[in-house]
Every structure is written in structure tokens, then in C-alpha cells.
Amino acid sequence: MTSHTTTPLEYKTQQSQMNILGFWIFLGAEIVLFSTLFASYFVLEHNIAGGPAGGDIFVLKDVLIETFLLLTSSFTSGLAIHAMRNHDKKGLLIWMIATLLLGAGFLYMEINEFLHFIHEGATIQTSGFTAALFTLLGTHGAHVTFGIVWISLLLVQLVRRGITEKTSSKLFIASLYWHFLDVVWIFIFTFVYLKGMVM
Amino acid sequence: MSANTSRFPWNLLVGFVLSIALTLLAVFVAFNTDFSKSIILGIIGTLAIFQALIQLFMFMHVTEGKEGIINVVNMIYSVFLALVIVFGSIWVLTSGHASMH
Amino acid sequence: MSLDEFFVTGDPMIFASQIAIGLTMVGLIALITYLKRWKWLWSEWFTTVDHKKIGIMYILAGVLMFFRGGVDGLLMKAQTSRPEMGILDAQHYDEIFTTHGVIMILFMAMPLLIGIMNVVVPLQIGARDVAFPKLNALSFWLFFVAAMLFNISFVIGGSPDAGWTSYFPLAGKEFTPGVGNNYYAISLQIAGIGTLATGINFVVTIIKMRAPGMSWMKMPIFVWTTFITSIIIVAAFPIFTVALLYMTLDRLFGTHFFTVAAGGDPMLWLNLFWLWGHPEVYIVVLPAFGMFSEVIATFARKNLYGYKSMVYAVAGIAFLSMLVWVHHFYTMGNSATVNSIFSLTTMMIAIPTGVKIFNWLFTLRKGRIEFSTSMLWALAFIPCFTIGGVTGVMLAMAAADYQYHNTMFLVAHFHYVLIPGVVFAVFAGLYYWWPKMFGFKLNEKIGKWHFWLFVIGFNLTFMPMFFVGLDGMSRRMYTYAESTGWGAWLGFSAVGSLIMAAGFAALVYNIYWSFRYASRKVGNDPWNARTLEWATASPAPHYNFAKVPEVDRLDDFWYKKKKGETGLKKSDLKPVHMPSNSWTPIVLAAAFGVVGFFLVFEWFTLAIIASVGIVVGLVANTFDYDDGYHIPVDELEEEEREWRGDLK
């Protein structure tokens, strides 16, 4: 780090610091939430009840595209916060919009993937396995959807108000959320898709 | 932590390249190696953990801010809970008469 | 669905309740309108973000729920008071033990404890409010809406009836059709979101808002227990969220998480339920331990013995709480290794708990004990809770548990844990902090009636259950044959429950009496206590402290008081920043309630339409840039002079 360490804008007020800390605590709760979804998935994974198993319905190419979209969006949201710390409103806006577009691309892929699953005879009602699969993926997808709407609303505030103590801390928190969704996806990619296709 | 970050964000770029590389490596290990299934699972699981750490430290700056230590403790505790929930549930529900298979 | 199915019909008791609820609602609305109090209610209470008012609303709701859950309990006791009684049929009995359990744990114990936490914790750490006041209001309203949603089940649609644990496959659509169990899944989900938010709120409040100088080991013990409770909330409630989500999907959308058919696993529900359910027990009991510690230290006129060991014990209990969940279902058919390990972790909990019991006893030793009502509750707690704890160790042994499991012995055990551990604590806390909330004490004489009736009634009610349990009576039996010989025990038990009810009535009368007649001159520190909340006026002013106190040591207020250093200099006053009231929490929570109601009845189109309300609330909230307001120095000075006399 550079020698003259000044506090970034998003940490300036006591309230902002509390908001950021509170959000980290919330992410702790999110870890518990997703690990419960994972635990249930692992327990029910083999209970396919005559329906398709993971290996029958997963398509590596689509999953890789989804993964790269989300990984790249995590990178661009990092660039956005980097721009924000340089008080570069335009850069912040551009990188955040890029993040949103990549996120929307991910959602598009995921919805198509769900349609593909259903087409292959794996609906949420088919078996214990599909119930756990759709719920795990769906909860992640719902988080991405929520994130897109949330960040869009924050960008409206950014355009109106510029980079202030408040908007910066809100956007910083949203970027934490976005990175976190990427972390969750990495585990889904590894322990749902790769494991399902290999095992 | 520093407000003066006008220099090029190398850590972000490195993190991004690493995460892409680790993803591809995981795919390679899963499909193009002859290890046993449990070893494959071990390797790709480890790669996933590395990727998560990259996100956490290089992208999310978990140690940043006045509460850096608290954030780290919070994350460690949450991971502990995650392990208890995942391995605990699997263990309880797939051993003994509770086993469905 | 016809109207006939919508309203529950055919039971005279429920019909009477329907009429009573309808009349009460009309009466209340008429009364408020007549008194022209709507505006006052809206601006002073419904939109408030003041932690003390939110706390008081929690407590009020909790006492109401105590009444509802208590009536359920009395009905069960009446039904089993003699062999072959016909007051309730099996179905009605099932509904009543289900709602009794859910209400007592989630809508009585939780709000009463969270209510007291709300009132007391910011004051004890010298803060102006919690970290997120608006979120705090949202937590309350979500809880309140959820409680109301759950409570209307018995008049609209039908009560849940699969037990408070709602085990699958019984709780599934196949064996429990109808909307009753939907109420369980949806209302607990709504309440759970509120509770999670409370947990996060208090973690951040305690980390970031302590008075200058109050380092970790200088925090009052109740703040410690609240902090650790909040951590457990954050750790455990998301598990319940997922479990309830699965239950909702299974019941409403035909998935197979917990069904036996199509590869579901009913035991997954048990596993998830108790992964949350066991920590939940500590969530309700740890703050109670904190309250007892405060009360015992105050009325023994000594500092808490072994403060640090107390903190470590609480942290140890919290850590172990996540590692014992299987002891609730040893008989499910786990492998012997699983049962043995969980038997060990369960017994380990007795160690830190024992540390705490000894700390309380040593605090009392050589103390100048004052037998105030709150102290009496604390003193009665120790032996009663120990009975609960020791029978818990009996149940912890997996092999022996095959005998005790699902018997009245278990029921007696957890009532001996939860009633002394939580209810006694709430009573102790209410008598203790009442002056800080309202500016007058509850009457001590009526309080003693309340105490003796309740404690004697409690022991009479639950002690016999140990014996019928050991004799083989399983829990949740709605009737039994005379030849079992349980009639006498359960008759005693029923009489005990009436005495307990009389105790509760004494509390209600005490509240009424004290509101009307108690002296309003209690001063800021009526008990000669030790912690910071007593450094400010009673009732606490809305800004809590005119000047944020500085802390040098544990029980700082006690020592400052001895040295006469509690005064306030006029020059110390600066304008105080306060958060503004907000309508979003109550409106957002109401939208959750409406969506929840439609989901219960599986009216999906309506639910989607109503969920627009939730979206609007959230969007309005993110665009809200209200920065609060400042209280000017003049106003502070005036309010402070009122109780301090002249400022220095």
C-alpha cells in the first residue's frame, strides 16, 4: 500500500463503517444459508427416483460460459470500485454497467439451462435430486437477479448524486455482494457440475 | 487500505487471470486425468477453495477497514459452520440405519 | 374455496373466539377513533425507530402471546386432568399442542427477550440507539406480522397440527392436507427474517457503538450474552430459512425434499430443524443468563463472581450449541458412532453451564442479599434450572434416551429448562428494568404474589410429568385410560397449571395497579445498581444520554456513583444526532404479511400482485436519504434539569 494512507470515502462515517461491517456479518449468514443448501444437495444427490442424474443433464460448454461470465463480472465490479476510489465517476459507471450486462448474460444462460433441464425431464418435482438442484441453483440465480436490480437502483442514485460518502458505501457493499455470489458459484461449479459430470 | 489507488489495479488483474486459470485447470483435472474419483474431487475442491480465497482477499479486501480482524474471524467462523453443516449432515444422514441406500 | 372452508367452523370454543376477536377488533378501532389516538399511535409508535419503544412493543406483544400460549397450555392440562376427558378431541388437541409450542418459543420467549435486549443493551453500552434503527423497526414489525399471521390460523383456515417440530412425513401435504401447516412454514419464515436482522443489528451495535473506554472485558455481562446470542442467531437462523423454504416447496409446489416417495428424505427435515432448533434453545436461554447475572450482582451488592469465566462459559456454550443437534433424534436410527459422539458433545455443555451456576452461587456468598421480586426470580431459577439441567444430562445418554424419548419425562425436562431459564428471567428482567422503561416500579407486594403463585404452580405442574413419563406416558397423548394410574399425577399437574395461571394474572394486575397508583418518583437508580443504564433518567429520555459516558472499568457507574462523579456539566452538552421516524418498516412488514397470507392459501396470482408492495417498499427504502435530525442543546438542558436539578 502507498505511504499516505487516507481512509477511502466509503469508510468515512461511523454509519458507513457499521453498514459495511453489518454486511460482512450478513455474508456470514449467507455462507450458512448456502452451505445448508449444499448439505441438502449432497444428501439428496443420488436420490434420482428413476429420473435423470446430474451427468445426464449437465452441459459442460454452457456451464463454462456461465462461469466465465460471472468470473468476468466479478473482475469488472472490482474495477468499478477501483475507479470509485480514484473518484472516477465515469469509470465507476461504465464498469458497473459492464458488470450488470455480464450478470444479465449469466441469467440468460441459466434460464436457458433450466429450460434444457425441464426438456430433459428434470423438473423441480421429479426427484429429491432435482428439488435440491433447482433450489440451490435457483437461490443463487435469485441472488443474482436481486443484485442486478439493486445495483441498477444504486447507479440511478450515483448519476443523481455523484460519488458521495453515502453512494460510495452503498456501491462498495453491493460489490461485496457481487463478489460473494461469484464465490458461491465457484462451489456450485465444482461440487454440482464437475462432480456431477465426473462421478 | 488506501484512497490513493490511481496505479494500475494489478491485484485485480492477477486475481482474474488466476481464477480463469484455476477454473480451466479444474476442468482439465476432472476430464483429462486418470486419477481416482476421490482424488479428482479432492483436487478440484482445493482449487475451488483457492478461488474463493482469491475473491475474498484480492477482490473483497476482507482485511480492510477498522474491523479487518473481525471480518476475518467472522469468515473463519462461517466456514467452520459451513463445514459442520455439510459434513455433519452427510455423516448423520448416510450412516447407520438412517442410510437410505 | 367456500367461505365455510375459509373460516373454521363447527367448534363452539373456536366460534366463541371468532366472535370475541371480531368484537375486540371493532372495540379497539372504535376506542382509538373515539380517543382520537390514531395520529399519535402512528407517529409515536408505528413509525418509531427508537430502540426503547420498539423494545416495549416487543414486550407487549410477547405478554399477549404468553396469554395465548398459556390458554393453549391450560386447555391441554384440562383435557388430561382426568382419564378419558372429553373437552378436546384428538384433532383439536393436536392443534393446541402445536400452537402452544410454536407460540411459546418463537412468539413469546423470543420477543420478550429481544424486547428487553432492545431496551437495555444500547443503554448499557452508552449508545444513542442500535446500529440500524430502521432495520430494528423492520425486525419488530416482521415478527409482529408473523405472529398475527400464525395466530389467525385457528379461526381462518385451521391451525397447524403436526407439532412445533412439524416432522415429516406427517407435516407433508400427503398426511396433513389443508392450510394449517402452510401457516407454520410461512409465518415462521417471516419471523425468521426479522430475527436474523435483529442478530446482525446487535452484533454490529455491540462491536461499534460501545461508550469510549468500554473494552470487551468491561462490558456488562448482559451485553456479552446478547452479543453471543446474536452471533448464534446469525449462525443458526439461515438453516431454518432453508428448511422452511423446502417445507414450503414440498407443500405448495409438490417437490420431494422430505417425502418418502421420489427420493425425498424425511430425516433431512429433522436434521435441518435441529441444526437450527438446538442453537435456538441457547438463543433464548443465554440472554436470560445475562439478566440473572445482572440482577444477582445488583441485589447481592457484589460484583459478579468470575466475570471472565462467565464470558468464556457463554462463548463455550455458544460454540458447543452448533455441535449437539443429533441428541434430539438419537432414536432416528443413526449409527452408534454418531450417537456416541453427539452424546459426548451434549454432556460437555454441562461443564460451562456448571461454571455459571457456581459463579452465581459465589456471587451470592457473603453478599448483602436484598430479596426484591426480581432477585426472588433469580434465586428460584437456580434450583429449578438445575433440575432441568440434570435431567438433561440423563437425556443426553443416547442408550438411556431410547427409554425417555418422546415421553412426558422429556416434556417435563424442557419445561424445567425453559420456564426457569427464560420465563423466570423475563419476569426478573421486567421487574428490574421496568422503572427504566416507564418511570415507576412494579408493585413489590403484588410481585411477591406473582412470584410465589407462579413458582409453586410451575413445580406442581411439571414435577408430576417426570413421573408419568418414567411410567411410560408418551408426549402428545390427548387422553389415557384410568388403568394407567396417571390420573392422580396429572390431576395435580392440572391444579398446578391453574396456580401458575393465577400467578400470571397477578402480573397483569400488577401492571395495571402500578400504571395507576405507583409512585412516579423513582429516580434514575432505584435499585442502587451497577451498570450504565442507571446513569440516565427513568424513563430513559429518547436521546438516552445527554453526554456519551466514558468508561474506565467494569461496573464503572457503581464506582463513579461512590465517588460522586455522575454529574453533568452544562459545557459538555452538544447537539445530539437522532434518526428520523420511518413508515417503511411497518408498511414493508404489512406487505410481507399480505403476501404470506395469500401464499398460505396458495392463491399465487394474488401473492405475486401483493409482492409488488414488498418491491415498492424496498425501492423506496434505497432512495431514502433521510439523515435524521439534531436535538438542540437547550432542549437537552431542559430535559436533564428536570431530573438532575441544576447542572454543574
Side-chain angles (χ1 to χ4, degrees), chain A residues 1-11 17 20-21 24-25 27-32 34-36 38-40 42-43 46-47 60 64 67-68 71-72 74-79 81-83 85-88 128 175-176 178-180 182-184 186-187 189-191 194-195 197-199, chain B residues 1-9 11-13 15-17 19-20 22-24 26-27 29-31 37 40-41 44-45 47-49 51-56 58-62 64-67 70-71 74-75 77-79 81-90 92-94 100-101:
Chain A
M1 287 289 144
T2 43
S3 53
H4 46 268
T5 49
T6 43
T7 315
L9 198 57
E10 64 269 22
Y11 284 99
Q17 289 174 20
I20 292 170
L21 176 65
W24 274 105
I25 309 283
L27 288 184
E30 288 273 55
I31 291 178
V32 174
F34 277 103
S35 53
T36 310
F38 273 108
S40 312
F42 294 143
V43 168
H46 306 290
N47 301 0
L60 181 62
L64 272 177
T67 307
F68 289 140
L71 283 177
T72 314
S74 186
F75 175 55
T76 53
S77 75
L79 290 175
I81 296 305
H82 181 79
R85 288 194 174 173
N86 291 321
H87 308 283
D88 173 7
S175 82
L176 290 181
W178 198 265
H179 292 308
F180 175 75
D182 197 24
V183 175
V184 174
I186 292 162
F187 286 96
F189 173 72
T190 308
F191 290 109
L194 287 187
K195 186 181 171 211
M197 281 184 274
V198 174
M199 301 284 141
Chain B
M1 105 186 125
S2 160
N4 183 2
T5 38
S6 51
R7 70 210 165 82
F8 189 78
N11 60 338
L12 290 177
L13 188 66
F16 177 56
V17 171
S19 55
I20 296 283
L22 289 173
T23 305
L24 291 173
V27 174
V29 171
F31 291 100
K37 285 178 177 176
I40 289 180
L41 200 60
I44 60 176
L47 294 176
I49 290 166
Q51 278 217 55
L53 290 175
I54 288 171
Q55 292 282 333
L56 213 54
M58 300 177 91
F59 286 11
M60 295 167 86
H61 311 287
V62 62
E64 179 183 84
K66 276 189 192 163
E67 278 75 39
I70 288 173
N71 283 345
N74 174 30
M75 282 298 118
Y77 181 58
S78 304
V79 170
L81 292 172
L83 294 175
V84 168
I85 292 165
V86 170
F87 290 105
S89 299
I90 294 172
V92 168
L93 291 172
T94 59
M100 298 281 286
H101 0 268

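The chains referred to below are lettered A, B, ... by the order of the sequence lines, with proteins before strands, and numbering in each begins at 1. Note that the structure is a prediction, hence the values are computed from the model and not measured.
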* **V32(A) and I85(B), any side-chain heavy atoms less than 4.5 Å apart** => yes

Partner chain B: residue of [options] with the largest heavy-atom pair count (under 4.5 Å):
{"options": "L21(A), L64(A), I20(A)", "result": "L21(A)"}
{"options": "T72(A), L176(A), L71(A), V183(A)", "result": "L71(A)"}
{"options": "G78(A), A39(A), S77(A)", "result": "A39(A)"}
{"options": "S35(A), S40(A), A29(A)", "result": "S35(A)"}

Is it the backbone or the side chain of [X] that comes under 4.5 Å from a heavy atom of chain B, or both, or neither?
{"X": "I25(A)", "value": "both"}
{"X": "F34(A)", "value": "neither"}
{"X": "T67(A)", "value": "side chain"}

* Taking all heavy atoms of A82(B) and all of I31(A), pick out the closest pair and write down the distance. => CB-CG2, 4.1 Å

Region of [X] that comes under 4.5 Å of a non-hydrogen atom in chain A:
{"X": "L22(B)", "result": "neither"}
{"X": "V29(B)", "result": "neither"}
{"X": "L13(B)", "result": "both"}
{"X": "V84(B)", "result": "neither"}
{"X": "I90(B)", "result": "both"}

[atom2] on [Y] to [atom1] on [X], rounded to 0.5 Å:
{"X": "L79(A)", "Y": "L12(B)", "atom1": "CG", "atom2": "CG", "value": "5.5 Å"}
{"X": "F59(B)", "Y": "D182(A)", "atom1": "CZ", "atom2": "CG", "value": "7.5 Å"}
{"X": "T23(B)", "Y": "F68(A)", "atom1": "OG1", "atom2": "CZ", "value": "6.0 Å"}
{"X": "E64(B)", "Y": "T7(A)", "atom1": "CD", "atom2": "OG1", "value": "10.0 Å"}
{"X": "H82(A)", "Y": "N11(B)", "atom1": "NE2", "atom2": "CG", "value": "8.5 Å"}
{"X": "S175(A)", "Y": "H61(B)", "atom1": "OG", "atom2": "NE2", "value": "8.0 Å"}

* Passes side chain to side chain contact (heavy atoms under 4.5 Å, CB included), V184(A) versus Q55(B)? Steps please. -> CA-CA 11 Å; V184(A) 174; Q55(B) 292 282 333; over 6 Å; no

* To do: Identify which of S89(B), A52(B), A48(B), S19(B) forms the greatest number of heavy-atom pairs closer than 4.5 Å to chain A.
  => A48(B)

* **Under 3.5 Å donor-acceptor, N71(B) side chain and W24(A) backbone** => no

* Asked: Counting only heavy atoms not in F31(B), do more than 12 sit closer than 6.0 Å to its CZ atom?
  -> yes

* By ring pair (Phe, Tyr, Trp, His ring centres under 6.0 Å), which residues pair with F16(B), not counting sequence neighbours? -> F75(A)

